[in-house]
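The block underneath contains the structure these notes are about, expressed in structure tokens.
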Amino acid sequence: MTPTPKFDRRTVLAGTAASVVAAGALTSGIAAGPVISSAKAQDAAKPAGVFRYQIGDITCFALNDGVANFPLGEGFVTNAPLTDVQSELRRALMSPETMSIPFTAMAVQTGGRTVVIDTGNGPAAGGTRGTMFSNLEAAGLDRASVDTVIISHFHPDHIGGLKDADGNKAFPNAEVKVPEPEMAFWMDEGAASRASEAMKPRFEAVRAAFAPLGDAVSTYADGAELAPGITARGAYGHTPGHTVFRISSGSQQMMVLGDTTNHPSLFVRNPQWAVRFDMDAEAAAETRVKLLDEVASDDILIAGYHFPFPATGHVVKDGDGFQLALVAWQPHL
Ligand SMILES: [Zn+2]
């Protein structure tokens with residue numbers, strides 16, 4: 001029996017052409033320098049991805065916020081030789097020369113409230129980043145209707161969307177909940193003045209991101225319930241206050257892992273590897289191994305901020321590391 005072809009010829013050809021164009025753009029980007037400029041053909045303002053799913057009575061939306069493309073160099077993984085990192089990428093059939101780091105924020109509807117977890121790079125990021133707002137709209141959610149914004153940590157790809165394009169509150173009616181130790185670290189004048197020249201702009205960026213929010217911001221403690229069914233859990237290391245979230249309803253639950261791992265092809269596979277954004281590499285690795293171990297044994301759904309879309313899946317143990325199986329993206333809302 002001949003199986004029914006899944007795609008007609010036109011679709012297959014169109015797909016092939018698109019792949020060729022993408023590969024060509026990538027190659028020319030490497031040769032020309034910054035790869036990001038080659039992505040001009042993509043319109044970052046157009047919705048790129050929304051994935052809706054249920055955890056019991058709670059509705060979750062994965063909201064794609066674009067991707068950052070940059071040449072891979074020594075030091076992206078701080079504790080492994082570049083050649084090992086490149087072999088791992090080849091094994092995953094990824095480019096060993098260009099890193100593409102995806103971003104995916106979340107919206108959650110729970111107990112009559114609309115919650116956003118992390119805000120994406122924000123409209124000022126431009127280029128291939130900052131699609132979270134348009135994807136929120138595509139999900140049928142209005143920024144003004146968001147009741148609560150929960151922040152996992154203060155890196156710019158997570159707090160950039162606290163402000164809109166005009167520098168005003170992007171979520172005008174929302175309370176903004178941030179981890180207590182994270183706020184304490186970034187607002188500490190001593191830490192800011194002791195920071196290296198490279199880190200000083202980070203401190204300034206955090207202050208600028210929170211400036212328009214005033215008393216909308218409050219801090220939460222480890223273990224706090226932040227919205228019905230959403231509980232904070234300190235997962236320190238990536239930053240001093242990096243936090244993950246358990247979402248549970250009825251018998252179903254999931255863990256929102258934030259930046260517990262950067263790109264899974266490197267750091268889920270090799271949880272001991274540290275990405276250069278891990279502020280305390282040792283603590284971050286310890287947290288990563290512990291959490292991945294836990295979600296693998298409990299076999300619960302996870303979301304990862306830097307996983308490829310829909311950034312939702314399961315991990316299983318595999319040798320010294322883990323393997324991620326993403327769920328199939330159902331693009332229909
Ligand atoms: Zn991040």
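In each ligand, atom 1 is the first atom listed, and ligand 1 is the first ligand listed. We're numbering straight along the sequence, starting at 1.
For the Zn ion (ligand 1), the count of nearby protein N, O or S atoms, meaning those under 2.8 Å away, is 4.
A donor-acceptor contact under 3.5 angstrom links the side chains of Ser100 and Asn69, judged on distance only. Checked by atom type, the side-chain pair His306/Asp157 shows a donor-acceptor distance below 3.5 Å.
Relative orientation of the Phe133 and Phe171 rings is perpendicular, given thresholds of 30° and 60° on the angle between their planes.
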Ring pair (Phe, Tyr, Trp, His ring centres under 6.0 Å) between Tyr53 and Phe61, worked out: CA-CA 6 Å; Tyr53 56 103; Phe61 298 87; 8.5 Å; no

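Summarising the geometry, atom OG belonging to Ser249 is positioned 8.5 Å from atom CD1 belonging to Ile55; distances are rounded to the nearest 0.5 Å.
A salt bridge links Arg246 and Glu294; the closest N-O separation between the charged side-chain nitrogens and carboxylate oxygens is under 4.0 Å.
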